[in-house]
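Read the numbers this way: they start at 1 and go in the same order the structure lists the ligands and their atoms. Here the structure is a predicted model, which is why all the values come from computation and not from measurement.
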Amino acid sequence: MRKGVILDRDGTIVDVVRDAETGTISAAFHPSHLRLLPGVIGGLRALAGAGYALGIATNQPGAAKGQLPREAIERTNAALVELLAAEGIAIASVATCLHHPEGGAGGDRTLVGPCDCRKPRPGLLFELVAELGLDPARSWMVGDTASDLDAAHAAGLRGGLVFDDRRCELCPLREGPRGLGPGDVSGRNLEAVAVAILAAG
Ligand SMILES: [Mg+2]
Ligand SMILES: [Zn+2]
């Protein structure tokens, strides 16, 4: 079994999309929206270089909420994998939860309802652990919210938290890091988290 790092997408690898006119924030839903956050390339190269398989586990409820077609989500995920491949970083698999418990007007009804994969539930992580042949005891889930850490622990992984207290517009953690368990690590960007993971072993 291999060791691996499973990564959240939005706020961990890629930045959120800001609409300057309305001030609203959304997840990237087009390849042209993809902006890698600081430290991502260095952090992922360091992890891959140390032998960690890399996967992505992402909640994308936009199609269930009627905000965009699921093809837009799939196209954006594929473009992210290509973008990272161009930097020499191999993402072995992307696991996506397309569900939302309540959905929204015009949403795809087949995607609305409870599921086992929407983080903080661990379904996406179990899927990647099985697909990539990961050893949970040597593997990590890295994200930017307490929900990512809860999913990590529910799947028997250690958690890594990207927490930059100078970037608070998303504000899930503006009062400070939450959800860290024993053995977890945190850092102000993905490179700092990678350094901490490599130090922890
Ligand atoms: Mg996130
Ligand atoms: Zn789901």
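- For the 3.5 Å distance criterion, the side chains of R9 and N77 qualify, holding a donor opposite an acceptor.
- For C115 atom SG and C117 atom SG, the angle they make at the Zn ion (ligand 2) is roughly 110°, to 10 degrees.
- Salt bridge annotation for R121-D150: absent, with no cationic side-chain nitrogen under 4.0 angstrom from a carboxylate oxygen.
- Draw a line from the Mg ion (ligand 1) to OD1 of D144 and another to OD2 of D8, and the angle between them is 80° (to 10°).
- Closest approach between the Zn ion (ligand 2) and any N/O/S atom of H99 involves ND1.
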Checklist entry - Q60 and T96: side chain to side chain donor-acceptor pair (under 3.5 Å), yes or no, with the steps? => result CA-CA 7 Å; Q60 296 295 338; T96 306; over 6 Å; no
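- No salt bridge links K65 with E102; every basic N to acidic carboxylate O contact stays at or beyond 4.0 Å.
- The minimum distance between the Mg ion (ligand 1) and any N, O or S atom of D10 involves atom O.
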